[in-house]
Amino acid sequence: MKQMDKGKFSAGYFLIAMVVAWLFAEYVYKPYVESKSEVPYSEFLSDLDSHEIENVDITDTRIMYALKSKENASPDKRPIVDGVILTNRRQKPQNEIKSVVKLLDPYLIERLASADISFGGVAKRDSLIDLFMGILLPLLPLLIIWYLIFRNMQGGAGGIGNIFSFGRSRAKELQGEMTGVHFSDLGGVGEAEVEIREIIDFLKDPKKFDKFGARLPRGVLLVGPPGTGKTLLAKAAAGEAGVPFFFITGSSFVEMFVGVGAARVRDLFEQAKKKAPCIIFVDEIDAIGQSRTRMLATNSEQENTLNQLLAEMDGFTTNNGVVIMGATNRPEILDQALLRPGRFDRQIQVVLPTEEGREEILKIHTRKIPLSDEIDLRSIAKVTPGFSGADLANIANEAALLAARHNAEKVNMNDFDLAIERVVAGLQRKTPLTPEVRKKVAYHETGHALVACYLPGSDPVHKVSIIPTTKGALGYTMQMPTEDQYLVGENELKNRMAVMLGGRAAELLVFNEPTTGASNDLERATEIARRMVTEFGMSETLGPVRYAASSMAYLNGQTANREDVGESTFLKIDEEIRRLVTEAQTQAQNILKQHEKVLHEVARVLQEKEVIVNDEIKEIVDRENAA
């Protein structure tokens with residue numbers, strides 16, 4: 001393929017060189033030669049009067065004339081070429097040819113006739129280059145802009161042929177073994193791997209299933225949060241099956257020109273049919289597969305592309321041996337026709353990894369990292385619930401970078417702690433805080449930590465810091481759950497809101513006024529209260545009724561609340577949200593009032609050390625309680 005591309009480029013360069021040479025000969029070299037033999041008009045008249053001119057050719061702009069030969073040789077004994085006498089020895093013309101700019105001379109023809117000189121005119125002929133310069137040259141800027149637009153659509157690919165290939169598929173084809181990914185390179189995918197292996201068995205040994213009348217699934221949709229390994233799972237499927245793998249993103253189908261998306265879908269499936277059995281993987285398929293009810297204009301380019309995709313997946317033509325895999329983290333916005341059986345037959349949930357899965361992922365990403373003996377990947381997996389595979393890979397890489405920065409021989413546990421901190425809270429800034437701001441931040445973060453310590457069922461406090469971070473926080477309180485949580489009760493949600501408002505409660509208790517540092521805490525607490533009232537039915541006043549709009553209402557651009565709910569009910573919802581948030585703040589204030597000595601002591605230590613961990617907080621709490 002590279003040799004063919006090189007040949008195309010060479011032919012293009014040769015054509016360009018020929019055009020440049022033509023332009024040079026016509027508009028540079030020819031005028032130069034003519035200018036070398038050019039003489040004044042007075043000299044032409046002098047030669048004419050002295051009868052030294054043999055013949056004259058008159059053009060639109062010049063007069064070309066040849067002088068008589070000065071040799072005595074007989075003309076009939078020497079060769080004549082185009083009326084010019086040549087010598088026998090070197091075959092060069094003996095007549096000197098001169099050129100003169102044509103002037104408006106009404107007596108010229110009469111003089112030539114009276115001097116008995118052979119003369120004539122040369123008709124002007126429009127050459128192809130003149131046509132090019134006169135007609136195409138004004139259009140050259142438009143052609144260049146057109147070429148650049150299509151080149152940009154091609155992703156920067158050059159070549160004249162690529163301009164007319166924008167209807168071709170942009171899918172990258174890889175042989176299965178060329179993906180470089182196998183299931184041994186994955187971890188924490190759980191049941192998703194089991195379902196994918198069945199697709200692989202279909203591709204490897206279809207006869208095994210043909211005898212039972214089973215057919216190959218047409219499509220497999222991988223659904224899950226970002227970073228959970230949906231793309232890696234598709235690559236591993238191709239790598240294990242050893243079949244061709246076509247990779248493309250959903251946004252690569254649709255362009256600014258009508259019909260391009262549908263043409264690319266057709267071309268993609270035509271290529272895949274020739275390589276069957278194979279896998280087509282469309283990443284971020286929601287770019288072209290979103291519900292048609294959300295599209296503003298009917299018969300839009302995106303809708304045409306989706307219709308073509310639906311027809312190719314399950315239409316009149318069959319795609320035996322072609323499995324299409326899609327990946328999205330927004331399955332709720334996909335068109336229902338795309339999700340029906342016969343198209344995406346299976347939806348595989350690729351969820352966040354469990355504790356065991358996180359340990360597997362950490363083992364994979366630390367294979368090439370020298371770890372110290374104190375490293376316990378199990379404990380790291382325990383304190384990172386809710387982390388995706390991409391987050392864990394980032395943590396391992398950040399820990400390795402920190403160890404390399406300190407010129408350490410191996411990565412230790414402190415490097416992993418700092419890496420987790422960096423992923424969660426951001427990189428620490430070197431800008432110091434003023435004493436007044438430092439004091440307020442210390443009491444704010446201490447309020448969060450103490451409310452979490454005294455409320456039962458709260459996640460343990462791992463670290464408290466008043467060092468500013470690049471994410472905009474002046475300080476942070478890091479809580480680490482001890483296990484994965486799948487269900488959360490009403491009391492636990494209220495406790496979470498109290499912990500969030502613990503910083504604001506400490507500010508009110510110590511400084512008698514709140515600060516803007518609690519804005520994000522208020523936002524998160526209000527969101528929890530709103531969901532408790534409108535989604536979870538955790539309100540005695542409003543009862544077990546869902547007031548939040550359905551997911552389809554969001555897709556159609558409707559408001560977050562139901563339109564069939566009365567205004568009085570909306571007022572009650574606001575009152576309930578306000579009541580829950582106020583109760584959470586009151587609960588946090590009561591806890592801090594009861595343990596005000598501990599609050600002041602922890603805040604003092606935090607201002608001195610800037611960072612304290614869970615054991616130090618427990619030590620202060622136990623000492624104050626014993627006193």
Side-chain angles (χ1 to χ4, degrees), residues 180-181 184-189 224-233 235 329 350-432 445 449 459-484 520 609-616:
V181 181
S184 58
D185 302 314
L186 300 179
V189 292
T228 51
K230 299 184 291 295
T231 304
L232 276 177
L233 198 57
K235 289 183 178 180
N329 51 21
V350 187
V351 297
L352 293 171
T354 61
E355 183 178 323
E356 292 78 10
R358 292 194 294 273
E359 185 179 5
E360 292 178 11
I361 295 172
L362 287 170
K363 288 180 180 178
I364 292 172
H365 291 294
T366 56
R367 286 175 181 173
K368 299 180 180 180
I369 299 177
L371 303 177
S372 62
D373 297 335
E374 66 173 353
I375 292 293
D376 183 9
L377 297 179
R378 184 74 176 189
S379 63
I380 298 175
K382 186 181 291 292
V383 298
T384 52
F387 281 53
S388 66
D391 293 331
L392 297 172
N394 191 25
I395 288 173
N397 184 63
E398 288 288 346
L401 291 175
L402 288 170
R405 186 177 303 164
H406 299 113
N407 296 321
E409 295 183 359
K410 294 183 178 181
V411 179
N412 56 34
M413 201 66 182
N414 185 53
D415 294 326
F416 272 97
D417 288 339
L418 292 176
I420 295 173
E421 225 177 293
R422 178 172 294 187
V423 171
V424 174
L427 182 66
Q428 294 180 350
R429 293 190 305 177
K430 302 299 182 181
T431 306
E445 299 303 333
D459 295 332
V461 176
H462 179 69
K463 182 181 291 187
V464 182
S465 171
I466 58 171
I467 301 176
T469 67
T470 54
K471 291 188 176 181
L474 299 178
Y476 58 89
T477 301
M478 186 181 298
Q479 293 177 261
M480 291 294 185
T482 56
E483 60 183 9
D484 296 333
N520 182 254
K609 295 186 175 182
E610 291 187 334
V611 177
I612 57 176
V613 295
N614 187 25
D615 294 337
E616 295 177 282

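Excluded from the calculations below are hydrogen atoms, water molecules and symmetry mates; all remaining heavy atoms, backbone and side chain alike, are included. No experiment lies behind these values; they were computed from the predicted model shown.
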Atom CG of Asn397 and atom NE2 of His365: how far apart are they, to the nearest 0.5 Å? 10.0 Å
Main chain of Lys410, side chain of Ser372: is a donor-acceptor contact present, judged purely on distance under 3.5 Å? no
Excluding sequence neighbours, so at least two apart, what forms side chain to side chain contact (heavy atoms under 4.5 Å, CB included) with Pro460? Thr482
May I have the list of side-chain donor-acceptor pairs in residues 376-383 shorter than 3.5 Å, sequence neighbours left out?
{"from": "Asp376", "atom 1": "OD1", "to": "Arg378", "atom 2": "N", "distance (Å)": "3.2"}
{"from": "Arg378", "atom 1": "NE", "to": "Glu355", "atom 2": "OE2", "distance (Å)": "3.3"}
{"from": "Arg378", "atom 1": "NH1", "to": "Glu359", "atom 2": "OE1", "distance (Å)": "2.7"}
{"from": "Arg378", "atom 1": "NH2", "to": "Glu356", "atom 2": "OE2", "distance (Å)": "3.4"}
{"from": "Ser379", "atom 1": "OG", "to": "Asp376", "atom 2": "O", "distance (Å)": "2.6"}
{"from": "Lys382", "atom 1": "NZ", "to": "Glu355", "atom 2": "OE2", "distance (Å)": "3.3"}

CE/Met478 to CD/Glu445 distance, rounded to the nearest 0.5 angstrom? 11.0 Å
Let's go through Thr384 and Asp391 carefully: what are the C-alpha distance in whole Å and the side-chain angles of both, what is the deciding distance for side-chain contact (heavy atoms from CB on, under 4.5 Å) to 0.1 Å, and is it a yes or a no? CA-CA 9 Å; Thr384 52; Asp391 293 331; over 6 Å; no
How long is the span from the CZ atom in Phe387 to the CG atom in Leu362, to the nearest 0.5 Å? 10.5 Å
List, one per line, each side-chain donor-acceptor pair under 3.5 Å for residues 398-406, sequence neighbours excluded.
{"from": "Glu398", "atom 1": "OE1", "to": "Arg422", "atom 2": "NH1", "distance (Å)": "3.0"}
{"from": "His406", "atom 1": "ND1", "to": "Leu402", "atom 2": "O", "distance (Å)": "2.8"}

Which heavy-atom pair separates Ser388 from Pro353 by the least distance, and what is that distance? CA-CD, 4.1 Å
From Asn329 atom CG to Thr228 atom OG1, the distance as rounded to the nearest 0.5 Å: 8.5 Å
Side chain to side chain contact (heavy atoms under 4.5 Å, CB included) against Ile364, all qualifying residues, sequence neighbours excluded: Arg367
Residues which pass side chain to side chain contact (heavy atoms under 4.5 Å, CB included) with Ile467, listed by chain and number, not counting sequence neighbours: Gln428, Ser465, Glu610, Val611
Just verifying a value: how many Å separate Ile420 CD1 and Leu392 CG, rounded to the nearest 0.5 Å? 8.5 Å
Locate the shortest heavy-atom distance separating Ala396 from Thr366; write the atom from each residue and the value. CB-CG2, 4.1 Å
Measuring from Phe416:CZ to Ile369:CD1, what's the distance to the nearest 0.5 Å? 6.0 Å
Report yes or no: does Lys230 contribute a side-chain atom to a donor-acceptor pair with the main-chain N or O of Gly224 at less than 3.5 Å? yes
Contacts of Glu409 meeting side chain to side chain contact (heavy atoms under 4.5 Å, CB included) (sequence neighbours excluded), chain-then-number -> none
Output yes when a side-chain donor or acceptor of Asp417 lies under 3.5 Å from a complementary backbone atom of Asn414, and no otherwise. no
Glu374 side-chain N/O to Met413 backbone N/O, donor-acceptor pair under 3.5 Å: yes
